[in-house]
Amino acid sequence: MKVILDNIGKKYEGRENFTLRNINLEIEDKDFCVILGPSGCGKTTLLRMIAGLNSVTEGDLIFGDRRVNKVPSKDRNIAMVFQSYALYPHMTVYDNMAFSLAMRREPKKLINERVMEAAKVLQIENYLYSKPSDISGGQRQRVALGRAMVRKPKVFLMDEPLSNLDAKLREHMRVELVKLHKSLETTSIYVTHDQVEAMTMATKIVLMNDGKIQQVGSPENFYNRPENVFVAKFIGSPTMNLIEGFFKNGQFVSNDGQITITPSESDIEVLKDYEGKPIFVGIRSERFLTDDLSENAFECTLDVVELLGKEKTIHAKFVNGQSFVITTPGHLDYKSGQKYQFAFNKDALHFFDGQTQTRIN
């Protein structure tokens, strides 16, 4: 089911300012949409508005072709999975999964079929008659998902469902959730502050900050074409390297004049309107050149070299104190404390307006 947020806003009673305002978003049918952002940016508030747990102050919330602003949560054909699992501790796994259907007074045969079907998909058949306290965190999360699945909702809503799991289990559950989404063929809306979850799971990412949407698009689009400095800093690990400076006579020059970079011809053409104006240049850690040093080369001292198996993460310092993070293949020999030369890849540079911080090229 398609979900449309048309100029949505939220203002709590007694507060002067809006928590959310001018939220415009279209989530297509069968999308896996991840709402991403730092703590306090409004992403959970937005999810709760979609769920009907928080009221809509202004704008229109549309499910399919139906306006649902005033429709109670139970009548929206949604299911929500919470961070805390929210399982009933005195009930068995089976009863937890069956509870919503039992409350609707569905036939026992239908309830049993739905529960067993979900348990098989989630591989928790062996735990159906255990209590939540007797199973692991990952299994409890599967139960919470199963309880949502049996309702066969049109929209799945998930609020940081993996945040209580350890790193290895989170990685495993990310894969399982993507498989589950594909098999169920429903619209999924997933809230997280973890960019790795967003980049690996989403068909569409919505990045928020301070109650506003910063960018909407595919993971590839976010990584390769961030629309502003905030997005560039937030997406990617290590974060994008950024240098402040200005454009002068066909070159980027850092504010202290120590770093000079010649952009590509296409970027120079775009940057002509910024002659003498403040701009940022950004480059991803893996896009520095290590062999072709014929242009835009620089020398730096390596502070720390981290070996991560297949790659090395290098924390380097330029002569003016500017820090860079550079990623190289793990087999290349780099040692901390030594000086090495690298080069800026002119075809991998991102330029941002120094005042508005929005993308230029």
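Computed over heavy atoms, backbone and side chain alike; hydrogens, waters and symmetry mates excluded. This is a predicted model, so every value here is computed, not measured.
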Cluster overlap Phe280 with Phe324, hydrophobic side-chain contacts below 4.5 Å: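 No, separate clusters.
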So which heavy atom on [X] is nearest to which on [Y], and how close?
| X | Y | result |
| --- | --- | --- |
| Tyr223 | Gly236 | CE1-CA, 3.9 Å |
| His193 | Leu36 | C-CD1, 3.7 Å |
| Phe344 | Leu289 | O-CD1, 4.4 Å |
| Val56 | Ile8 | CG1-CD1, 3.7 Å |
| Ser188 | His181 | OG-ND1, 3.0 Å |
| Ala51 | Ser73 | O-OG, 2.7 Å |

Cation over ring face, Arg147 and Phe99, 6.0 Å, 45°: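 No - Arg147 does not lie over the ring of Phe99 by the 6.0 Å and 45° rule.
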Looking at [Y], is its backbone amide N or carbonyl O close enough to the side chain of [X] to form a donor-acceptor pair, meaning the two atoms are under 3.5 Å apart?
| X | Y | result |
| --- | --- | --- |
| Thr187 | Met1 | yes |
| Arg284 | Glu286 | no |
| Lys43 | Pro38 | yes |
| Asn69 | Gly59 | yes |
| Asn24 | Asp6 | no |
| Asp75 | Val71 | no |
| Asn241 | Gly282 | no |
| Ser163 | Glu160 | yes |

Under 3.5 Å, side-chain donor or acceptor atoms of residues 112-134 against the rest of the protein: list the pairs with distances, not counting sequence neighbours.
unit_1, atom_1, unit_2, atom_2, d
Asn112, OD1, Tyr94, OH, 2.8
Arg114, NH1, Val150, O, 2.6
Tyr127, OH, Gln139, NE2, 3.0

Contact list for residues 251-267, test salt bridge (Lys or Arg N to Asp or Glu O under 4.0 Å), sequence neighbours left out: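 Listed once each, the pairs would be none.
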Sequence neighbours excluded, which residues qualify as side chain to side chain donor-acceptor pair (under 3.5 Å) partners of [X]?
| X | result |
| --- | --- |
| Asn221 | Gln215 |
| Thr186 | none |
| Gln195 | none |
| Asn296 | none |

Pairs where residues 53-62 contributes a residue and the test side chain to side chain donor-acceptor pair (under 3.5 Å) is met, not counting sequence neighbours: Lys10-Ser55, Tyr12-Asn54, Arg21-Glu58, Arg48-Asn54, Asp60-Arg67
Trace of the side-chain contact (heavy atoms from CB on, under 4.5 Å) decision for Met158 with Ile189: CA-CA 6 Å; Met158 292 174 271; Ile189 305 174; over 6 Å; no
Lys/Arg-Asp/Glu bridge criterion (N-O < 4.0 Å) met for Lys272, Glu275: no
Summary of ring pair (Phe, Tyr, Trp, His ring centres under 6.0 Å) pairs that have at least one residue in residues 232-263, sequence neighbours excluded: Phe230-Phe234
Ring pair (Phe, Tyr, Trp, His ring centres under 6.0 Å) pairs, two or more places apart, involving residues 258-277: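 Those involving residues 258-277 do not exist here.
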Hey, can you pull the donor-acceptor pairs under 3.5 Å for the side chains in residues 306-313, sequence neighbours left out?
unit_1, atom_1, unit_2, atom_2, d
Glu306, OE1, His315, NE2, 3.1
Lys312, NZ, Gly330, O, 2.7
Lys312, NZ, Leu332, O, 2.5

Among Leu47, Ile35, Leu177, side chain to side chain contact (heavy atoms under 4.5 Å, CB included) partner for Tyr190: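 It is Leu177, the one option of Leu47, Ile35, Leu177 that forms the side chain to side chain contact (heavy atoms under 4.5 Å, CB included) with Tyr190.
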Any residue meeting side-chain contact (heavy atoms from CB on, under 4.5 Å) with Asn17, in chain and number order, not counting sequence neighbours: none
Could you go through residues 199-213 and list every donor-acceptor pair under 3.5 Å that involves a side-chain atom there, pairing it with any protein atom two or more places apart or in another chain?
unit_1, atom_1, unit_2, atom_2, d
Thr200, OG1, Arg174, NE, 3.3
Thr200, OG1, Val196, O, 2.7
Thr200, OG1, Glu197, O, 3.4
Thr203, OG1, Asp31, OD1, 3.3
Thr203, OG1, Phe32, N, 2.9
Thr203, OG1, Phe32, O, 3.2
Lys204, NZ, Glu26, O, 2.5

Salt bridge (Lys or Arg N to Asp or Glu O under 4.0 Å) assessment of Lys2 paired with Glu28: CA-CA 5 Å; Lys2 188 173 184 177; Glu28 300 295 333; 3.8 Å; yes
Distance-only polar pair, side chains of Asp194 and Thr192, donor-acceptor under 3.5 Å: no
Donor on one side chain, acceptor on other, Gln251 and Thr260, under 3.5 Å: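 There is no such pair between these side chains.
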Ring geometry between Tyr334 and Tyr340 (parallel below 30°, tilted from 30 to 60°, perpendicular above 60°):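 If you compare the ring of Tyr340 with that of Tyr334, the planes turn out perpendicular.
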